[in-house]
Amino acid sequence: MIRLSDTYVRYASGVEALRGVNLTVTDGEFVFIVGPSGAGKSTLLKLLTAEIRPSAGLALVNSVSISRLKRRHVPKLRRSLGVVYQDFRLIERMNVFENVAFAMRVVGVSDSKKIRKRVMYVLELVGLAEKADRMPAELSGGEQQRVAIARALVNNPDIIIADEPTGNLDPEKSRELMELLAEINELGSTVLVITHEKELVNSFHKRVVYLDNGCVVGDAIGGYSGEAVE
């Protein structure tokens with residue numbers, strides 16, 4: 001579960017990126033986080049992954065207080081999260097299997113049979129099992145993003161956070177990717193998608209949280225209307 005209560009984030013520059021945010025995401029929800037540039041979406045991601053701390057208020061992720069989290073415990077929190085980025089962040093010298101397996105090895109899994117079983121399971125889930133030996137450069141943008149999702153899933157995280165996951169994809173591939181994230185959500189994972197794509201958001205009947213100027217100004221199910229996201 002994620003809970004923000006009267007949460008503020010102020011940068012050293014004086015910019016107040018989040019201003020009194022109140023937000024609860026329960027286990028198993030699918031939530032779109034939308035808003036214009038500078039609304040606070042990136043700051044929210046950094047807060048949830050403990051890259052930054054709240055300046056005031058409460059921020060809980062999986063019952064862990066980000067304010068009180070000791071630096072040595074940050075990796076443990078991050079293992080409960082799977083983050084998917086717009087730019088894929090695949091390791092070019094590793095093939096698909098190795099890219100996904102690497103995420104298991106960095107958290108201490110060394111059993112090769114366990115790694116192979118889990119990696120092939122998530123690659124099957126994202127429809128890429130037959131391309132396990134391909135290099136990232138041999139894949140389309142949509143396929144590379146699916147590898148990134150498999151990597152985010154491989155350690156069985158409680159929460160998947162996708163940061164502009166369709167930013168480098170065409171509309172057809174964007175919809176396919178969002179449908180995949182919806183399927184993953186139906187399997188039990190909590191999914192947060194940070195995006196600016198209004199039409200894509202409105203084509204799914206999901207909860208939408210609208211940020212503007214560091215505040216939550218909208219929170220409803222079924223897409224959003226009114227001001228378009230730039």
Side-chain angles (χ1 to χ4, degrees), residues 1-2 25 27 42-53 59-168 177 180-181 183-185 187-194:
M1 184 184 78
I2 294 168
V25 178
D27 293 343
S42 295
T43 296
L44 178 62
L45 172 62
K46 291 177 181 179
L47 182 64
L48 297 179
T49 57
E51 185 176 337
I52 59 175
R53 308 293 177 105
L60 294 179
V61 179
N62 286 333
S63 301
V64 174
S65 170
I66 300 300
S67 297
R68 299 178 180 178
L69 184 63
K70 296 184 184 300
R71 187 173 299 276
R72 68 177 183 272
H73 293 151
V74 169
K76 181 179 179 181
L77 172 70
R78 290 179 179 166
R79 285 197 292 272
S80 72
L81 308 173
V83 183
V84 181
Y85 296 96
Q86 176 180 344
D87 57 359
F88 316 141
R89 302 193 183 185
L90 302 181
I91 301 171
E92 293 298 324
R93 67 179 184 276
M94 293 184 178
N95 65 25
V96 167
F97 180 93
E98 292 164 343
N99 262 281
V100 179
F102 182 73
M104 296 186 72
R105 294 192 173 100
V106 297
V107 300
V109 180
S110 58
D111 186 325
S112 59
K113 289 184 178 179
K114 183 177 181 180
I115 289 173
R116 180 161 189 81
K117 181 178 180 180
R118 180 63 184 173
V119 170
M120 293 310 297
Y121 169 77
V122 294
L123 287 177
E124 184 71 35
L125 187 64
V126 302
L128 287 177
E130 75 284 359
K131 296 189 177 182
D133 61 347
R134 298 285 183 88
M135 303 301 288
E138 299 178 276
L139 304 178
S140 67
E143 288 171 336
Q144 289 187 59
Q145 192 60 290
R146 285 174 176 264
V147 177
I149 291 174
R151 184 181 56 194
L153 285 172
V154 75
N155 288 318
N156 198 28
D158 300 312
I159 301 169
I160 301 291
I161 304 173
D163 183 23
E164 300 285 2
T166 61
N168 291 323
L177 187 70
L180 174 60
L181 289 171
E183 290 172 9
I184 290 167
N185 171 246
L187 293 174
S189 295
T190 303
V191 176
L192 275 68
V193 179
I194 299 170

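Bear in mind that the values here come from a model prediction, so they are computed numbers and not experimental data. Nothing fancy with the numbering, it's 1 onward along the sequence.
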TODO: Working to the nearest 0.5 Å, report the span between CZ of Arg146 and NZ of Lys131.
DONE: 10.0 Å
TODO: For residues Val25 and Met1, determine if any side-chain heavy atom of one lies less than 4.5 Å from a side-chain heavy atom of the other.
DONE: no
Open item on the list: Would you compute the distance between atom CD of Glu51 and atom CD1 of Ile66 and round it to the nearest 0.5 angstrom?
Closed with: 11.5 Å
TODO: Report yes or no: is the cationic atom of Arg105 (NZ for Lys, CZ for Arg) under 6.0 Å from the centre of the six-membered ring of Phe102, at an angle within 45° of the ring normal?
DONE: no
TODO: Using modelled atom types only, decide if a donor and an acceptor are shared between the side chain of Arg151 and the backbone of Val96 within a distance under 3.5 Å.
DONE: no
- [ ] Please round to the nearest 0.5 Å and tell me the distance separating atom CD of Gln145 and atom OG1 of Thr166.
- [x] 8.5 Å
- [ ] Could you tell me which non-hydrogen atom of Leu181 sits nearest to which non-hydrogen atom of Pro165, and how far apart they are?
- [x] CD1-CG, 4.4 Å
Open item on the list: Could you check whether Ser80 and Asn62, counting side-chain N and O atoms only, form a donor-acceptor pair closer than 3.5 Å?
Closed with: yes
- [ ] Quick one: pull up CG in Asn99 and CD in Glu92 and give me the separation to the nearest 0.5 Å.
- [x] 8.0 Å
TODO: Report the C-alpha separation of Asp111 and Lys113 in whole Å, then their side-chain angles, then the decisive distance to 0.1 Å, and conclude whether the salt bridge (charged side-chain N to carboxylate O under 4.0 Å, His left out) test is met.
DONE: CA-CA 6 Å; Asp111 186 325; Lys113 289 184 178 179; over 6 Å; no
TODO: Mind listing the closest non-hydrogen atom pair of Arg93 and Glu98 along with its distance?
DONE: O-OE1, 4.4 Å
Task: Beyond-backbone contact of Val193 with Glu164, side-chain heavy atoms, under 4.5 angstrom - done: no
- [ ] Flag the pair Leu44 / Ile194 as yes when at least one side-chain heavy-atom distance between them is below 4.5 Å, and no otherwise.
- [x] no
Task: Distance-minimising heavy-atom pair for Ala150 and Val126 - done: CB-CG2, 4.0 Å
TODO: Please report the shortest heavy-atom distance between Val107 and Arg79, naming the atom on each side.
DONE: CG1-CD, 3.0 Å
Task: Neighbour count >12 (heavy atoms, 6.0 Å) for atom CD, Glu124 - done: no
Task: Closest heavy-atom pair and its distance - Asn95, Pro136 - done: CA-CD, 4.5 Å
Task: For Ala50 against Val74, the heavy-atom pair lying closest together - done: CB-CG1, 4.3 Å
Open item on the list: Side chains of Leu139 and Val147, heavy atoms from C-beta outward: is any pair under 4.5 Å?
Closed with: yes
Open item on the list: Using side-chain contact (heavy atoms from CB on, under 4.5 Å), reason through Ile184 and Ile149 one step at a time and then give a plain yes or no.
Closed with: CA-CA 10 Å; Ile184 290 167; Ile149 291 174; 3.6 Å; yes
Task: Criterion side-chain contact (heavy atoms from CB on, under 4.5 Å) on Ile160 and Leu192, from CA distance to verdict - done: CA-CA 6 Å; Ile160 301 291; Leu192 275 68; over 6 Å; no
- [ ] Test side-chain contact (heavy atoms from CB on, under 4.5 Å) on Asp27 and Asp158 and set out the steps.
- [x] CA-CA 8 Å; Asp27 293 343; Asp158 300 312; over 6 Å; no
- [ ] For Asn185 and Thr190, indicate whether the former's side chain and the latter's backbone hold a donor-acceptor pair under 3.5 Å.
- [x] no
- [ ] Would you indicate whether the side-chain heavy atoms of Val84 and Asp163 approach each other to under 4.5 Å?
- [x] no
TODO: Hey, could you give me the CD1/CE distance between Ile115 and Met120, rounded to the nearest 0.5 Å?
DONE: 13.5 Å
- [ ] For the pair Val83 and Leu48, evaluate side-chain contact (heavy atoms from CB on, under 4.5 Å) and give the outcome as yes or no after the intermediate values.
- [x] CA-CA 10 Å; Val83 183; Leu48 297 179; over 6 Å; no
TODO: State the CZ-CG distance between Phe97 and Leu123, to the nearest 0.5 angstrom.
DONE: 8.0 Å
